[in-house]
Amino acid sequence: MRDFYGVTLASPLMLGTAQYPSPAVMERAFRASGASVATVSLRREAGQGQSFGEIIRGLGVHVLPNTAGCHSAREAITTAQMAREMFETNWIKLEVIGHADTLQPDPFGLVEAAEALIADGFEVFPYTTEDQVLAQRLVDAGCRVLMPWGAPIGSGLGLNNRYGLKTLRAAFPDIPLVVDAGLGLPSHAAEAMEMGYDAVLLNTAVAQAGDPAAMAEAFGLAVRAGALARRADPMEPRDMAAPSTPVIGKAWL
């Protein structure tokens, strides 16, 4: 498994901390999932108070603050700087939203903010699309991780552009890639890992499930299965049937 800015994760599952019915439910979901990273927005932390921060730190996972809700590079940069002070980490999940309905990233603001934050010593995890040109601009800016979306945030649609995600993986073989956003089922996470992605990040599919802990456990098992399948070198699809039983020894009548 690739490292993320020098950190090797015990699990390729990253979970968000928003939208759970209660902090206790969130904590049970994290325990069941085996996730290694918790993403936390500065705004949510400020709204929940000290006890919420203590719960997050008590999970024993890596904390990845994010700039969720930011719609400009300036806003994202300021939020990231505040998050670094609060969480005492250089990690930042960079979100610069450019479209109100799809929550698609603003590619221009994203690159601008990434350049400024990297120059300021941050280790940036940019939430991006599967666009290879944008991905190259982010890598050139100094990003050592890319987080392309699977589908719009919170949609549960899964992997909308499988071709784009596969070609992005092939184009950046040495960059850790994380499918972020839009995953609704454990099978979506398993498929991303089978494609060769290094991790997945999700929130809504677990937090809004009828049983968040059970769904979290299912996603934890799915990413392990997908990663194992990838390492096992799966067979390529065939256009024609191929019998698994040999004709040698067959009775000829």
Side-chain angles (χ1 to χ4, degrees), residues 2-9 14 16 18 37-46 62-153 161 164-165 167-182 192 196-201 203:
R2 292 181 178 86
D3 66 75
F4 294 78
Y5 292 106
V7 175
T8 300
L9 302 178
M14 304 179 179
V37 173
T39 60
V40 185
S41 72
L42 179 67
R43 292 173 180 177
R44 178 168 177 79
E45 170 72 6
H62 297 279
V63 177
L64 176 60
N66 67 45
T67 63
C70 293
H71 292 261
S72 70
R74 181 178 180 182
E75 186 180 9
I77 293 166
T78 301
T79 301
Q81 291 168 340
M82 295 170 64
R84 178 163 63 181
E85 291 185 16
M86 180 172 287
F87 295 105
E88 299 180 337
T89 177
N90 287 325
W91 278 17
I92 191 71
K93 180 191 169 188
L94 178 60
E95 296 183 31
V96 182
I97 301 302
H99 193 276
D101 292 333
T102 64
L103 301 181
Q104 181 171 330
D106 172 0
F108 308 103
L110 187 63
V111 173
E112 179 186 348
E115 290 174 340
L117 290 173
I118 289 167
D120 194 25
F122 281 89
E123 296 172 329
V124 177
F125 294 64
Y127 165 61
T128 180
T129 65
E130 67 278 16
D131 186 291
Q132 287 192 39
V133 176
L134 175 55
Q136 187 61 60
R137 293 290 178 86
L138 291 167
V139 171
D140 291 343
C143 295
R144 295 295 171 260
V145 176
L146 297 173
M147 304 182 78
W149 66 350
I153 294 172
N161 185 357
L165 290 170
T167 54
L168 188 70
R169 175 71 284 177
F172 296 91
D174 300 322
I175 297 292
L177 299 181
V178 182
V179 170
D180 173 21
Y197 276 74
D198 300 288
V200 301
L201 193 160
N203 189 166

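These figures come from a predicted structure and were not determined experimentally.
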Heavy-atom pair of closest approach, residues [X] and [Y]:
| X | Y | value |
| --- | --- | --- |
| Tyr197 | Leu165 | OH-O, 2.6 Å |
| Asp131 | Val133 | OD1-N, 2.8 Å |
| Ala76 | Leu94 | CB-CD1, 3.8 Å |
| Glu95 | Cys70 | O-CB, 3.7 Å |
| Thr39 | Gly16 | OG1-CA, 3.1 Å |
| Asp198 | Pro176 | OD2-CA, 3.2 Å |

- Under the side chain to side chain contact (heavy atoms under 4.5 Å, CB included) test, residues paired with Ala116 that sit two or more places apart: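 Expected list: Ile77.
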- Message: If the condition is side chain to side chain contact (heavy atoms under 4.5 Å, CB included), which residues does Ala80 pass it with, not counting sequence neighbours?
- Response: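 By the side chain to side chain contact (heavy atoms under 4.5 Å, CB included) rule, Ala80 matches Thr67, Ile92, Leu117, Phe122.
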- What pairs of residues pass the side-chain hydrogen bond (donor to acceptor under 3.5 Å, both in side chains) test when at least one of them lies in residues 170-182, not counting sequence neighbours?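 Matches after skipping sequence neighbours: Lys93-Asp180.
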Please set out all donor-acceptor pairs under 3.5 angstrom arising from side-chain atoms of residues 99-111, sequence neighbours excluded.
| unit_1 | atom_1 | unit_2 | atom_2 | d |
| --- | --- | --- | --- | --- |
| His99 | ND1 | Asp101 | N | 3.2 |
| His99 | ND1 | Thr102 | N | 3.2 |
| His99 | ND1 | Thr102 | OG1 | 3.3 |
| Thr102 | OG1 | Gln104 | N | 3.2 |
| Asp106 | OD1 | Phe108 | N | 3.1 |
| Asp106 | OD1 | Gly109 | N | 3.3 |

- Item | Residues in side chain to side chain donor-acceptor pair (under 3.5 Å) contact with Gln136, at least two apart in sequence or another chain |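 Side chain to side chain donor-acceptor pair (under 3.5 Å) check on Gln136 returns Asp140.
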- Task: Identify, with sequence neighbours excluded, every residue that meets side chain to side chain donor-acceptor pair (under 3.5 Å) alongside Glu123.
- Result: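 Per chain and number, Glu123 pairs via side chain to side chain donor-acceptor pair (under 3.5 Å) with Trp91.
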Please output the side-chain donor-acceptor pairs of residues 141-150 that fall under 3.5 Å, not counting sequence neighbours, one pair per line with the distance.
| unit_1 | atom_1 | unit_2 | atom_2 | d |
| --- | --- | --- | --- | --- |
| Arg144 | NH1 | Val139 | O | 3.3 |
| Trp149 | NE1 | Glu130 | OE1 | 2.9 |

- Query: Do Asn90 and Tyr5 touch side chain to side chain, with heavy atoms closer than 4.5 Å?
  - Reply: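 Counting from C-beta outward, Asn90 and Tyr5 never come under 4.5 Å.
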- Arg84: what forms a salt bridge (charged side-chain N to carboxylate O under 4.0 Å, His left out) with it, not counting sequence neighbours?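 Arg84 satisfies salt bridge (charged side-chain N to carboxylate O under 4.0 Å, His left out) with Asp120 only.
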- Between CZ on residue Arg169 and CD1 on residue Ile175, distance to nearest 0.5 Å: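 If I round to the nearest 0.5 Å, the distance is 8.5 Å.
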